[in-house]
Student: 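To start, I am sharing the structure in question, which I have written as structure tokens.
Here the structure is a predicted model, which is why all the values come from computation and not from measurement.
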Amino acid sequence: MKVISTEKAPGAIGPYSQAVEVEQFVYTSGQLPLDPTTKEMPSSIKEQTKIALMNVKGILNSVGLDMNNVIKTTVFLADIKDFSAMNEVYSEFFTVPFPARSAFEVAALPLGAKVEIEVIAHK
């Protein structure tokens with residue numbers, strides 16, 4: 001297993017890696033909507049989704065991959081009512097063939113985030 005760490009996404013806020021590479025797969029940890037430079041989080045679900053996905057993209061780019069390599073995503077929402085707005089932004093990051101996806105509401109997310117996104121990518 002190879003640990004992936006980049007300044008293109010916020011550092012881990014606990015005892016975990018930003019991502020790991022195992023054979024031909026990259027598994028990211030859940031990416032919060034924190035700007036990697038300012039460590040700030042916007043308030044709207046659309047902006048939060050965009051930043052979370054930009055963080056995913058930054059991690060993938062750091063190992064020579066892009067969003068087209070993503071085969072599975074998991075989207076955690078603090079409020080399932082934000083699904084449509086999240087999906088609107090999410091659709092700007094992926095093209096056909098779309099990755100498989102799970103999306104569901106959770107009781108709460110770290111730092112009061114509205115969304116957290118993790119992915120599995122294939123090299």
Side-chain angles (χ1 to χ4, degrees):
M1 177 175 77
K2 175 185 170 189
V3 173
I4 298 168
S5 181
T6 179
E7 293 181 6
K8 296 179 182 181
I13 58 172
Y16 59 89
S17 301
Q18 282 177 320
V20 296
E21 183 178 331
V22 179
E23 297 178 8
Q24 296 298 310
F25 295 93
V26 171
Y27 302 85
T28 71
S29 291
Q31 293 303 300
L32 291 171
L34 290 173
D35 181 289
T37 305
T38 67
K39 308 297 187 247
E40 293 180 4
M41 185 184 314
S43 60
S44 81
I45 185 63
K46 287 185 177 183
E47 280 300 308
Q48 286 197 16
T49 301
K50 180 180 178 181
I51 290 175
L53 287 168
M54 290 299 295
N55 291 339
V56 166
K57 187 176 179 180
I59 291 169
L60 295 177
N61 288 169
S62 76
V63 293
L65 302 178
D66 62 31
M67 299 304 264
N68 292 320
N69 293 97
V70 175
I71 58 172
K72 171 73 167 80
T73 68
T74 304
V75 178
F76 305 95
L77 293 165
D79 187 343
I80 199 68
K81 292 176 186 163
D82 287 332
F83 181 84
S84 292
M86 174 280 299
N87 207 42
E88 198 176 308
V89 175
Y90 178 97
S91 68
E92 297 171 8
F93 283 80
F94 297 101
T95 59
V96 175
F98 298 112
R101 179 178 77 184
S102 300
F104 47 91
E105 181 178 89
V106 295
L109 291 167
L111 306 177
K114 295 180 179 187
V115 65
E116 182 174 357
I117 302 172
E118 66 182 30
V119 309
I120 300 170
H122 185 262
K123 292 182 115 182

Student: Going from OG on Ser62 to NZ on Lys57, what distance comes out if it is rounded to the nearest 0.5 angstrom?
Tutor: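 The OG atom of Ser62 sits 13.0 Å away from the NZ atom of Lys57.
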Student: If you count heavy atoms of other groups shown closer than 6.0 angstrom to NZ of Lys39, is the number above 12?
Tutor: yes
Student: Atom CD of Glu116 and atom OG1 of Thr49: how far apart are they, to the nearest 0.5 Å?
Tutor: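 With rounding to 0.5 Å, CD (Glu116) is 12.0 Å from OG1 (Thr49).
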Student: Should Val70 and Val63 be counted in the same cluster of Ile, Leu, Val, Met, Phe, Trp and Tyr side chains packed under 4.5 Å apart?
Tutor: yes
Student: Do Val26 and Ile4 pass the side-chain contact (heavy atoms from CB on, under 4.5 Å) test, and can you show the C-alpha distance, the side-chain angles, and the key distance before you say yes or no?
Tutor: CA-CA 9 Å; Val26 171; Ile4 298 168; 3.7 Å; yes
Student: How long is the span from the NZ atom in Lys50 to the CD atom in Glu88, to the nearest 0.5 Å?
Tutor: 13.0 Å
Student: side-chain contact (heavy atoms from CB on, under 4.5 Å), that's the test. Do Leu65 and Lys123 meet it? Break it down for me.
Tutor: CA-CA 7 Å; Leu65 302 178; Lys123 292 182 115 182; 4.0 Å; yes
Student: For the residue pair Asp66 and Asn61, establish whether any side-chain heavy-atom pair is separated by less than 4.5 Å.
Tutor: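 Answer yes - side chains close enough.
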Student: Quick one: closest heavy-atom pair of Thr37 and Asp35, and the distance?
Tutor: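 What the structure gives for the nearest pair is N-OD1, 2.7 Å.
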Student: Nearest 0.5 Å, what's the OG1-CD1 distance between Thr74 and Ile120?
Tutor: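 Between atom OG1 of Thr74 and atom CD1 of Ile120 there are 6.5 Å.
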Student: Quick one: closest heavy-atom pair of Gln48 and Val115, and the distance?
Tutor: OE1-N, 3.6 Å
Student: Consider only side-chain heavy atoms of I, L, V, M, F, W and Y, link residues closer than 4.5 Å, and tell whether Met41 and Ile51 are in one cluster.
Tutor: no
Student: Any chance you could measure Glu23, atom CD, to His122, atom NE2, to the nearest 0.5 Å?
Tutor: 9.5 Å
Student: Measure the NZ-CD distance between Lys81 and Glu105 for me, rounded to the nearest 0.5 Å.
Tutor: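 These two atoms lie 8.5 Å from each other.
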Student: Hey, quick one: are Val56 and Phe98 part of the same hydrophobic cluster, counting side-chain heavy atoms closer than 4.5 Å, chains of contacts allowed?
Tutor: yes
Student: Are any side-chain N or O atoms of Glu47 and backbone N or O atoms of Ile45, one a donor and one an acceptor, separated by less than 3.5 Å?
Tutor: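 The answer is no, because no donor-acceptor pair under 3.5 Å joins these two groups.
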Student: Is the closest side-chain heavy-atom distance between Phe76 and Glu118 below 4.5 Å?
Tutor: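 The answer is yes, as the side chains (C-beta and beyond) meet within the 4.5 Å cut-off.
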Student: Are any non-hydrogen side-chain atoms of Leu34 and Leu111 less than 4.5 angstrom apart?
Tutor: yes
Student: Just wondering, do Ile71 and Phe25 contact through their side chains at under 4.5 Å, heavy atoms?
Tutor: yes
Student: Between Tyr90 and Thr73, which heavy-atom pair has the shortest distance, and what is it?
Tutor: OH-OG1, 2.8 Å
Student: Report yes if some heavy atom in the side chain of Met67 is under 4.5 Å from a heavy atom in the side chain of Leu53; otherwise report no.
Tutor: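 Yes, their side chains come closer than 4.5 Å.
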Student: Where is the tightest heavy-atom contact between Ala113 and Pro33, given as atom of each residue plus distance?
Tutor: CB-CD, 3.8 Å
Student: Check for a donor-acceptor pair, side chain of Thr6 on one end and backbone N or O of Ile59 on the other, with a separation under 3.5 Å.
Tutor: no
Student: Do any N or O atoms from the side chain of Gln18 and from the backbone of Ala9 form a donor-acceptor pair under 3.5 angstrom?
Tutor: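 Yes.
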Student: With heavy-atom distances below 4.5 Å as the criterion, would you say the side chains of Asn55 and Pro36 are in contact?
Tutor: yes
Student: When you group the ILVMFWY residues by side-chain heavy-atom contacts below 4.5 Å and let the links chain together, are Ile80 and Val89 in the same group?
Tutor: yes
Student: Using the six-membered ring of Phe94, assess whether NZ or CZ of Arg101 lies under 6.0 Å from its centre and within 45 degrees of the ring axis.
Tutor: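 Geometry flag: not set, cation outside 6.0 Å or 45°.
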Student: Got Pro10 and Leu32 here, is their nearest side-chain heavy-atom distance under 4.5 Å?
Tutor: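 When only atoms from C-beta onward are counted, Leu32 and Pro10 do not touch, as no gap falls below 4.5 Å.
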Student: Going by atom types alone, do Ser102 and Lys72 pair a side-chain donor with an acceptor below 3.5 Å?
Tutor: yes
Student: Of all the heavy-atom pairs spanning Leu60 and Ala121, show the shortest one and how long it is.
Tutor: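 Heavy atoms of Leu60 and Ala121 come nearest at CD2-CB, 3.7 Å.
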Student: Could you tell me whether the side chain of Met54 reaches within less than 4.5 Å of the side chain of Phe93, counting heavy atoms only?
Tutor: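 They are in contact (side-chain heavy atoms under 4.5 Å apart), so the answer is yes.
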